[in-house]
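First comes the structure, then the notes that go with it.
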Amino acid sequence: MNEVIKTILERRSCRSFTGESVPVETVQTILDCALAAPSGMGQQTWKFTAVMNRDKIQQLAAVVAEALGRGADYTMYQPDVLIITSNEKDSKFREVDNACAMENIYLACEAFGLGCVWINQLKDCFDAPAVRRMLDSFGIPASHGVYGCAAIGYRASPAGTKDIKGTSCIVQ
């Protein structure tokens with residue numbers, strides 16, 4: 001089977017990570033894959049920020065939990081790396097563009113033998129004052145909204161199987 005097709009079909013979300021560090025070179029390649037995603041009209045109004053400091057990731061998780069009224073146990077699954085996908089708030093294609101980039105991030109992680117899960121909560125609170133201060137400290141422009149984050153690390157347990165649901169059809 002073609003390796004790309006195999007990677008797509010075997011990809012699974014991961015919500016439990018080991019403490020092992022992901023090499024910065026691997027993270028850079030994952031970021032390059034995000035940048036290679038398609039974007040509406042080729043505008044590429046996005047930014048991808050990799051946070052490779054677990055303490056800062058947990059600080060962000062704490063302010064997100066506070067902004068959303070979640071419990072103190074919200075940890076974003078304690079990843080080694082958090083890639084924050086942001087885009088100009090007024091970009092017509094912001095959410096779709098970032099979703100394409102997130103898929104590339106997912107597939108790159110799978111190719112590297114890493115686990116990855118989509119963190120969606122920041123899209124609802126990126127302009128909450130404490131969250132915005134954290135995003136500012138990461139160099140994310142105030143003109144950007146967050147439209148997804150990828151929590152990344154080495155899997156604490158092997159990927160399971162997944163029942164593929166939904167429907168598809170071929171019309172000839």
Side-chain angles (χ1 to χ4, degrees), residues 1-40 42-54 56-58 60-61 64-65 70 73-87 91 93-124 126 138 140 145-172:
M1 178 184 293
N2 174 288
E3 287 302 311
V4 174
I5 301 299
K6 183 178 178 194
T7 299
I8 292 169
L9 293 175
E10 291 180 356
R11 189 217 57 79
R12 301 291 180 269
S13 292
C14 173
R15 292 175 178 84
S16 180
F17 304 101
T18 69
E20 186 178 352
S21 295
V22 178
V24 69
E25 299 82 10
T26 300
V27 174
Q28 184 59 60
T29 301
I30 294 167
L31 291 171
D32 292 343
C33 290
L35 289 166
S39 70
Q43 292 179 355
Q44 301 176 347
T45 54
W46 48 36
K47 180 175 184 170
F48 306 108
T49 305
V51 181
M52 297 185 68
N53 178 308
R54 289 179 189 186
K56 288 182 181 180
I57 294 168
Q58 290 313 299
L60 178 62
V64 168
R70 297 189 67 154
D73 60 343
Y74 180 70
T75 65
M76 296 183 181
Y77 304 109
Q78 299 181 349
D80 183 54
V81 179
L82 184 72
I83 296 179
I84 302 168
T85 70
S86 65
N87 208 318
S91 170
F93 307 108
R94 65 191 177 272
E95 293 184 57
V96 177
D97 287 355
N98 283 46
C100 289
M102 284 288 288
E103 182 67 10
N104 279 14
I105 291 168
Y106 261 104
L107 296 176
C109 286
E110 185 68 27
F112 278 117
L114 296 169
C116 182
V117 65
W118 189 310
I119 302 292
N120 212 23
Q121 285 70 26
L122 269 82
K123 74 176 180 58
D124 295 325
F126 59 75
F138 298 154
I140 297 171
V146 176
Y147 301 103
C149 298
I152 299 168
Y154 289 96
R155 293 177 180 279
S157 58
T161 59
K162 176 170 88 173
D163 291 332
I164 297 175
K165 298 178 182 172
T167 60
S168 63
C169 68
I170 297 173
V171 178
Q172 295 186 342

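Since the model is a prediction, treat every value here as computed from it, not as a measurement. Heads up: numbering here begins at 1 and tracks the sequence.
- Taking CZ of Arg15 as the start and SG of Cys116 as the end, the distance is 10.5 Å to the nearest 0.5 Å.
- Residues Gly115 and Phe17 come closest through the heavy atom pair O-CE2, 3.6 Å.
- Atom CH2 of Trp118 is separated from atom CD of Glu103 by 8.5 Å, given to the nearest 0.5 angstrom.
- Shown here are the side-chain contact (heavy atoms from CB on, under 4.5 Å) partners of Lys123, two or more places apart in sequence or in another chain: Asn120.
- Taking the side chain to side chain donor-acceptor pair (under 3.5 Å) definition, one finds that Asn104 meets it with nothing, sequence neighbours left out.
- Here CG of Asp124 is found 7.5 Å from CD of Gln121. Values are rounded to the nearest 0.5 Å.
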**Request:** Please report the C-alpha distance between Thr85 and Ile105 in whole Å, then the side-chain angles of each, then the deciding distance to 0.1 Å, and finally whether the side chain to side chain contact (heavy atoms under 4.5 Å, CB included) criterion is met.
**Result:** CA-CA 10 Å; Thr85 70; Ile105 291 168; 4.1 Å; yes
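- Under the side chain to side chain donor-acceptor pair (under 3.5 Å) criterion, Glu110 pairs with no residue at all, not counting sequence neighbours.
- Qualifying side-chain contact (heavy atoms from CB on, under 4.5 Å) partners for Asn2, counting only residues two or more places apart in sequence or in other chains: Val4, Ile5.
- Residues Val51 and Ile84 form a side-chain contact, since some pair of their non-hydrogen atoms from C-beta on lies under 4.5 Å apart.
- When side chains are defined from C-beta on, Val64 does not count as touching Ile119, because their heavy atoms never get closer than 4.5 Å.
- Side-chain contact check for Trp46 versus Tyr147: every heavy-atom pair is 4.5 Å or farther apart.
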Which donor-acceptor pairs under 3.5 Å do side chains of residues 18-33 form with protein atoms, sequence neighbours excluded?
unit_1: Thr18; atom_1: OG1; unit_2: Glu20; atom_2: N; d: 3.2
unit_1: Gln28; atom_1: NE2; unit_2: Asp32; atom_2: OD1; d: 3.0
unit_1: Thr29; atom_1: OG1; unit_2: Glu25; atom_2: O; d: 3.1

**Message:** Walk me through whether Ile8 and Leu107 qualify under side chain to side chain contact (heavy atoms under 4.5 Å, CB included).
**Reply:** CA-CA 7 Å; Ile8 292 169; Leu107 296 176; 3.8 Å; yes
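- Between Ile57 and Gln78, the closest side-chain pair of non-hydrogen atoms is not below 4.5 Å.
- Under the rule for a side chain to side chain donor-acceptor pair (under 3.5 Å), Arg70 has no partner lying at least two apart in sequence or in another chain.
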**Request:** Give the intermediate values and the outcome of side chain to side chain contact (heavy atoms under 4.5 Å, CB included) for residues Leu9 and Met1.
**Result:** CA-CA 11 Å; Leu9 293 175; Met1 178 184 293; 4.2 Å; yes
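- Inter-residue side-chain proximity for Leu122 and Leu60 is flagged as met; some heavy-atom pair is nearer than 4.5 Å.
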Could you pull out all donor-acceptor pairs under 3.5 Å where a side-chain atom in residues 151-159 meets a protein atom, sequence neighbours excluded?
unit_1: Arg155; atom_1: NH2; unit_2: Arg12; atom_2: O; d: 2.8

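- From Cys149, atom SG reaches atom CE of Met102 across 7.0 Å, with rounding to the nearest 0.5 Å.
- Remark: Tyr77 engages no residue in a ring-ring contact (aromatic ring centres under 6.0 Å, His included) (not counting sequence neighbours).
- Smallest separation of non-hydrogen atoms from Ile140 and Ser86: CG2-OG, 3.7 Å.
- Closest approach of Phe48 and Ile83 over heavy atoms only: CB-CG2, 4.4 Å.
- Thr45 meets the side-chain contact (heavy atoms from CB on, under 4.5 Å) test with Gln43, Asn87, Glu88, Ser91; sequence neighbours excluded.
- Arg54 pairs by the salt bridge (Lys or Arg N to Asp or Glu O under 4.0 Å) definition with Asp80, not counting sequence neighbours.
- Here the closest non-hydrogen pair linking Tyr74 and Ala61 is CD2-O, 3.4 Å.
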